[in-house]
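Proteins come first, then strands; the chains are lettered A, B, ... in the order of their sequence lines, and each starts at number 1.
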2 protein chains.
Amino acid sequence: MKRNSRFSLALHALAHIAAMAPTRPLTSGDIASHSGTNAVVVRRTLGALREHGLVTSEKGHAGGWRLTRPPEEITLADVYQALGERFLRLEVEGDENPPTCKIEIALLGQVDSALNDAEALLVSRLGKTTIAKLI
Amino acid sequence: MKRNSRFSLALHALAHIAAMAPTRPLTSGDIASHSGTNAVVVRRTLGALREHGLVTSEKGHAGGWRLTRPPEEITLADVYQALGERFLRLEVEGDENPPTCKIEIALLGQVDSALNDAEALLVSRLGKTTIAKLI
DNA sequence: AAATATGTAACTACGATAGTTACATTATAG
DNA sequence: CTATAATGTAACTATCGTAGTTACATATTT
């Protein structure tokens, strides 16, 4: 198994859908076997992209997955954000125990700021490559 | 529990060691109770920093942890790197199954390049803050 | 009606990490 | 020189996130 394969799975799937483009839609089974994973996992992942308008799916015979836009108009950043990914984040239980120690607050502020800058750069870099360029 | 708390635990610990500086060394028990974690976890984390020359530890009565350099000379990037952290990395089992699909190779190349740039920015930003500034 | 898709819930498997227990080792105080 | 208090470390448990799996309902086409 692999951690955080959603992003690369999604990109891989989109690229193959684009490559197969006008011929026929790709089924989750096709994509799964090509990516070495499971059809349900593919449907879950692409389902998130569908909710953000990047792909459509059709049920039944000759159904499958298609892009909603030409692959030149889908960037890697679109996919990253559609999946709700956030690679850079300090996982420090900021939920139930808000930090009280002044040092910890200062620390989190400094680190958060650095993480946000790096995350912004990441998205900006991903925004410069499209699915079309992967083919 | 929290994921990836090593980095913030390490920073928190160093800052408190620095704040307590000339008085006495801090024990792993002190640090653990202040950070809401366990003394063994603290020793493990600070042990990694000791291997990179950031702190020393003394056993026995009146033992504990001290900085090896003034806190003005320890940056957050030093800590990040001493822990071997790499927040930005595509965890895509690149080990046993090297990708053969051309699309996947292109994809990994593009994404890796973006991740490396963002990681470099992160380290650079962390290098601009010192432990002293947290106090 | 049969075949072939997706949609989705529920469960299992696995790995990473933190936390815990236990004990050996070392150093200091008195 | 013994009691105390610290680190060092191995071994184990607990928890959580994610992928993978099974099963079945639903929809669509032939």
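Proximity of a side-chain donor or acceptor of A:S33 to a complementary backbone N or O of A:D30 within less than 3.5 Å is detected. Checked by atom type and distance alone, the side chain of B:T75 pairs as donor or acceptor with a backbone atom of B:A77 at under 3.5 Å.
The shortest non-hydrogen separation linking B:R66 to B:A21 is NH1-O, 3.9 Å.
Of the two residues near DNA chain C, B:L9 and A:G63, the one whose nearest nucleotide lies more 5' is A:G63. Toward the 5' end of DNA chain D, the nearer of the two residues B:T27 and A:N38, judged by each one's closest nucleotide, is B:T27.
Side-chain nitrogen and oxygen atoms of A:S28 include at least one within less than 4.0 Å of the OP1 or OP2 phosphate oxygen of C:dT6. Residue A:T37 places at least one side-chain N or O under 4.0 Å from the OP1 or OP2 atom of D:dG20. OP1 or OP2 of C:dG7 has at least one side-chain nitrogen or oxygen of A:S57 nearer than 4.0 Å. For D:dA19, the OP1/OP2 oxygens have a side-chain nitrogen or oxygen of A:S5 closer than 4.0 Å.
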- request: Can you check each nucleotide of nucleotides 24-30 of chain C against protein heavy atoms at under 4.0 Å and return B for base, S for sugar-phosphate only, - for none, in 5' to 3' order?
  value: -BBBB--
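A continuous path of Ile, Leu, Val, Met, Phe, Trp and Tyr side chains, each step under 4.5 Å between heavy atoms, connects B:I17 with B:I131, placing both in one hydrophobic cluster. Transitive grouping of hydrophobic side chains (ILVMFWY, heavy atoms separated by less than 4.5 Å) brings A:Y80 and A:L76 into a common cluster.
A:V41 is listed as a side-chain neighbour of A:L9, based on a closest heavy-atom distance under 4.5 Å. The side-chain heavy atoms of B:L54 and B:R69, taken from C-beta on, include a pair separated by under 4.5 Å. By the 4.5 Å heavy-atom criterion applied to side chains, A:L46 and A:I31 are counted as neighbours.
Applying the ring pair (Phe, Tyr, Trp, His ring centres under 6.0 Å) rule to A:H52 yields no partners; only residues at least two apart in sequence or on another chain are considered.
Rounding to whole angstrom units, CZ of residue A:R6 and C1' of D:dT18 are separated by 10 Å. Distance, A:R86 CZ to D:dG17 P: 17 Å, rounded to whole Å. What separates CZ of A:R24 from C1' of D:dT29 is a distance of 16 Å, to the nearest Å. Atom CZ in A:F7 sits roughly 22 Å away from atom P in D:dG17 (whole-Å rounding). Straight-line distance from the CZ atom of A:R89 to the P atom of D:dG17: 10 Å, rounded to whole Å.
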Using nucleotides 9-13 of chain D, report all nitrogen or oxygen pairs with the protein that are shorter than 3.5 Å.
| unit_1 | atom_1 | unit_2 | atom_2 | d |
| --- | --- | --- | --- | --- |
| D:dT9 | O4 | B:R43 | NH2 | 3.4 |
| D:dA11 | N6 | B:R44 | NH1 | 3.4 |

